[in-house]
Amino acid sequence: MLKTGFPQRIMKFVRIKMGLLIVCITLNQQLVGQTITAEEQRRIDQIFEDFDHPTRPGAGLCIMKDGEVIWKKGYGSANLEYEIPVQPHTVFHVASVSKQFTVFSLLLLEEEGKLSFDDDIRKFIPELPSFGTTITLRHLASHTSGLRDHWDLYCLAGGRMDDAITNDHLLKLIVRQQELNFIPGEKYWYSNTGYTLLAEVIERVSGQTLAAFTQKRIFEPLGMKNSQFYDDHEKIVPNRAYSYEQRGDSYKKRVLSFSITGSTSVFTTLDDISAWVLNFESPKVGNAEILAKMETLAQLNDGSTFTGAYGLFVNNYNGYKQIFHEGSDAGYRAYLSRFPEERLAIAVFSTSAETDSEGLALEVADIFLENKSKIPENKPVYPPKFIDLSPEKLESFTGYYWNPQRQLARRIYLQNDTLRYFRGKGNESLMSPISNHAFQMLGLSASVEVKFVRQDAAYQMEVTVNNGNSIFFEAYTPADYSQEDLNDFVGDYFSDELDCFYRIRVKEETLILQRPRLEDIELKAFKNDVFLADLWYLREVRFVRDTEGRVDALLVSGERVNELAFSKR
């Protein structure tokens with residue numbers, strides 16, 4: 001029999017600064033503080049209602065306001081096989097949200113004088129090629145190093161993302177590279193490679209693995225008892241959530257066997273993440289200077305900035321400064337957002353590959369933030385003034401256009417005296433001229449302007465959305481290969497940088513790329529000597545000919561790798 005006063009009581013009263021607070025703990029919900037209304041709770045639950053079923057992958061939400069946690073709740077399942085619900089203490093893999101912990105660790109070592117943010121990476125990892133230029137730790141932390149992304153490299157080399165992968169596996173690939181995507185500091189291009197190298201630097205400088213270093217220097221001091229860099233894929237973690245992907249009417253497991261640290265693999269909970277977020281307001285670990293440095297926008301060589309800081313991104317959301325990072329590995333999705341001027345922070349973690357964690361977090365933010373970025377009522381917005389162009393003039397803009405950076409193909413054609421912007425079957429827009437070389441797309445919610453600029457004998461196309469940054473397309477002629485033409489590309493190709501072979505064959509008048517371990521890839525003819533594939537890490541294959549016109553090499557490009565070379569053997 002329980003006695004009055006025993007700690008096992010379901011409800012107890014706790015004295016706080018402003019009177020008494022009833023702490024209610026249910027199976028998957030914890031309400032903390034008194035600043036969230038019943039209407040706000042209803043709206044939040046409505047946002048997450050699609051998750052709130054024991055037979056569906058789940059999600060967890062934590063809201064912090066004015067220095068305290070005001071809401072924590074889990075929805076759906078952390079484990080579908082046993083229908084275990086998501087709770088505030090459920091352990092999630094938060095993928096690239098991990099990167100901020102890596103940068104913080106690096107800056108702790110800089111504070112102690114053990115390294116500098118502007119040190120050459122080869123000071124610590126001399127086996128890395130020099131590439132004829134200096135790559136600093138700052139470059140690595142801001143995704144401006146030019147180093148190819150190790151996930152693309154791993155898959156191009158024949159690896160699978162559900163393999164048991166370690167930092168050592170990736171480091172061996174990284175040090176074999178002979179080329180960069182671009183000159184360090186010249187541009188921003190997200191690269192996980194930089195953070196795997198930063199983890200190696202921290203280990204060599206501190207004498208501890210990143211997992212051990214963060215446990216001692218971050219997680220334990222902040223009381224994050226259920227957080228860690230997960231560097232052993234066989235390790236058992238109590239209360240761990242597993243991830244899933246919907247296929248048809250059912251769900252499949254998305255297996256994650258990483259033993260990777262630096263770029264990913266922080267395991268944490270809704271309970272724990274609040275301690276990390278609140279440390280940015282009132283530092284218990286590190287100091288204000290370190291935290292401010294993490295949030296400072298990185299600069300490119302020309303002095304310009306972008307949204308990237310160090311382990312974090314910074315943007316303007318509806319008139320508010322937002323500091324954030326998202327994560328995506330296997331079926332895990334995570335988003336951690338802070339609005340420092342409003343002292344508001346939101347964490348969304350999920351076990352479903354279909355989850356838009358950013359969208360969910362910002363929907364929650366909208367409940368607490370008024371949109372300050374609306375166009376003032378006294379500012380008139382004028383529609384574009386259309387003009388007439390001759391059919392001959394319109395015809396001169398027709399053709400095929402290609403954006404190599406994003407692998408986007410577009411077709412412009414003329415029908416019924418109107419130019420049409422063709423993206424694919426069932427997806428096109430009409431365009432009306434606003435000048436001799438510029439057009440406005442019709443029927444879109446956004447303002448999209450298309451300009452044509454003469455480049456030698458053809459036009460280059462520039463597409464601008466809502467007066468933002470432009471996307472440039474070059475003109476091209478579609479390829480039409482015969483069986484005999486395709487035979488020119490047949491052969492075995494070897495990459496020293498990946499230490500692997502690709503075999504190119506023809507099957508039923510289609511070019512096929514064959515690799516060890518993995519399925520064959522169909523290559524679709526695109527333009528002269530260029531073929532496209534439908535994989536995130538392998539999107540384009542460009543064949544190279546010698547002075548006599550014979551194919552002697554191929555170059556592959558993916559989401560974060562540009563023109564990696566294979567020589568014909």
- Task: Assess the pair H143 and Y195: is the distance between their ring centroids shorter than 6.0 Å?
- Result: yes
- Task: Compute whether any side-chain donor of one residue and acceptor of the other, for N181 and K187, lie under 3.5 angstrom apart.
- Result: no
- Is it true that the side chains of Y413 and E428 contain a donor and an acceptor less than 3.5 Å apart? yes
- Item | Where R560 and D152 come nearest, the two heavy atoms and their spacing | N-OD2, 3.1 Å
- Under 6.0 Å from the NZ atom of K451, do we count more than 12 heavy atoms belonging to anything else shown? no
- If every non-hydrogen atom of A157 is compared with every non-hydrogen atom of C500, which pair is closest and at what distance? CA-SG, 3.9 Å
- Measure from the side-chain N and O atoms of N416 to the backbone N and O of T418, and report whether any donor-acceptor pair falls under 3.5 Å. no
- Item | Enclosure of D534 CG (heavy-atom neighbours >12, cutoff 6.0 Å) | no
- May I ask you to check whether S328 and R333 show a side-chain donor-acceptor distance below 3.5 Å? yes
- Message: Are Y244 and Y251 an aromatic pair, judged by ring center distance below 6.0 Å?
- Response: no
- Query: Do T355 and L360 have side-chain heavy atoms sitting under 4.5 Å apart?
  - Reply: yes
- Item | side-chain hydrogen bond (donor to acceptor under 3.5 Å, both in side chains) between S96 and K99, intermediate numbers included | CA-CA 6 Å; S96 288; K99 289 180 170 68; 2.8 Å; yes
- Looking at R138 and D118, does any basic side-chain N land under 4.0 Å from a carboxylate oxygen? yes
- Query: Got a sec: does the CG of D302 have more than 12 other heavy atoms crowding it under 6.0 Å?
  - Reply: yes
- Task: Assert yes or no for the condition that the ring centre distance of H93 to Y332 is strictly below 6.0 Å.
- Result: yes
- Task: Could you tell me whether a side-chain N or O of Y481 sits under 3.5 Å from a main-chain N or O of D529, the two making a donor and an acceptor?
- Result: yes
- Query: Considering residues, nucleotides and ligands other than N427, do more than 12 of their heavy atoms fall under 6.0 Å from its CG?
  - Reply: yes
- Task: State, without any angle test, whether S447 and Q440 hold a side-chain donor-acceptor pair at a distance under 3.5 Å.
- Result: yes
- With the side chain counted from C-beta on, respond yes when F324 and L312 share a heavy-atom pair under 4.5 Å apart, and no when they do not. no
- Query: Is any side-chain heavy atom of V450 less than 4.5 Å from a side-chain heavy atom of M461?
  - Reply: yes
- N-O pairing of D552 and R545 below 4.0 Å: no
- Smallest heavy-atom separation, Y75 atom then K73 atom, equals OH-CD, 3.4 Å
- Distance from Q177 atom CD to L147 atom CG, nearest 0.5 Å? 8.5 Å
- Go through the side-chain N and O atoms of N315 and Q322 and say whether any donor and acceptor fall under 3.5 Å apart. yes
- Going by heavy atoms in the side chains, are L369 and E342 under 4.5 Å from each other? yes
- Task: With the side chain counted from C-beta on, respond yes when M431 and L442 share a heavy-atom pair under 4.5 Å apart, and no when they do not.
- Result: no
- Query: Would you find more than 12 non-hydrogen atoms of other residues, nucleotides or ligands less than 6.0 Å from K393 atom NZ?
  - Reply: yes
- Item | Exam field: side chain E563 to backbone S557, donor-acceptor pair closer than 3.5 Å | no
- How about L362 and I346: do any of their side-chain heavy atoms sit closer than 4.5 Å? no
- Do the non-hydrogen side-chain atoms of R539 and V556 ever get within less than 4.5 Å of each other? no
- Between Y459 and F397, does the ring centre distance come in under 6.0 Å? yes
- Message: Less than 4.0 angstrom from a charged side-chain N to a carboxylate O is my criterion; do E39 and R42 meet it?
- Response: yes
- Note on the structure: Heavy atoms of S429 and R423 approach each other most closely as OG-NH2, 3.0 Å
- Message: Is the shortest side-chain heavy-atom distance between T37 and Q41 below 4.5 Å?
- Response: no
- Item | F280 six-ring centre to R338 NZ/CZ under 6.0 Å and within 45° of normal | yes
- Message: Taking ring-ring contact (aromatic ring centres under 6.0 Å, His included) as the criterion, tell me which of W402, F543, F531 meets it with F526.
- Response: W402
- Above 12 or not: heavy atoms from other molecules or residues under 6.0 Å from CD of Q415? yes
- Query: Checking salt bridge (Lys or Arg N to Asp or Glu O under 4.0 Å) for the pair K527/E540: CA distance, chi angles, key distance, verdict?
  - Reply: CA-CA 11 Å; K527 57 181 181 178; E540 178 184 312; over 6 Å; no
- When you check the side-chain N and O atoms of T464 and E449, is any donor under 3.5 Å from an acceptor? no
- Task: Decide, yes or no, whether a salt bridge links D520 with K507 under the criterion of side-chain N to carboxylate O below 4.0 Å.
- Result: no
- Task: Determine, for R254 against E245, whether the closest basic-nitrogen to carboxylate-oxygen distance falls under 4.0 angstrom.
- Result: yes
- Task: Please test T144 against S142 for side-chain hydrogen bond (donor to acceptor under 3.5 Å, both in side chains), starting from the C-alpha separation and ending with a verdict.
- Result: CA-CA 5 Å; T144 59; S142 58; 2.9 Å; yes
- Item | Any donor-acceptor N or O pair under 3.5 Å, side chains T264, S98 | no
- Is it the case that more than 12 heavy atoms not belonging to E484 sit under 6.0 Å from its CD atom? no
- Taking the six-membered ring for Trp, is the centroid-to-centroid distance between F349 and Y335 below 6.0 Å? no
- Task: Taking all heavy atoms of D480 and all of D485, pick out the closest pair and write down the distance.
- Result: O-OD2, 4.3 Å
- Establish, yes or no, whether a centroid distance under 6.0 Å links the rings of Y493 and Y502. no
- Calculate, to the nearest 0.5 Å, the distance between atoms CH2 and SG belonging to W71 and C62 respectively. 11.5 Å
- May I ask you to decide if the ring planes of Y154 and W151 are parallel, tilted or perpendicular, using 30° and 60° as cut-offs? perpendicular
- Shortest non-hydrogen contact from V364 to I47? N-CD1, 3.9 Å
- Message: Check this for me, if you would: do E497 and R148 make a salt bridge, where the nitrogen-to-carboxylate-oxygen distance has to be below 4.0 angstrom?
- Response: yes
- Do T196 and H150 meet the criterion of a side-chain donor-acceptor pair at a distance under 3.5 Å? yes
- Query: Can you tell me if CZ on R343 sees more than 12 non-hydrogen neighbours from other groups inside 6.0 Å?
  - Reply: yes
- Examine the side chains of E462 and S470 and answer whether a donor and an acceptor come within less than 3.5 Å of each other. yes
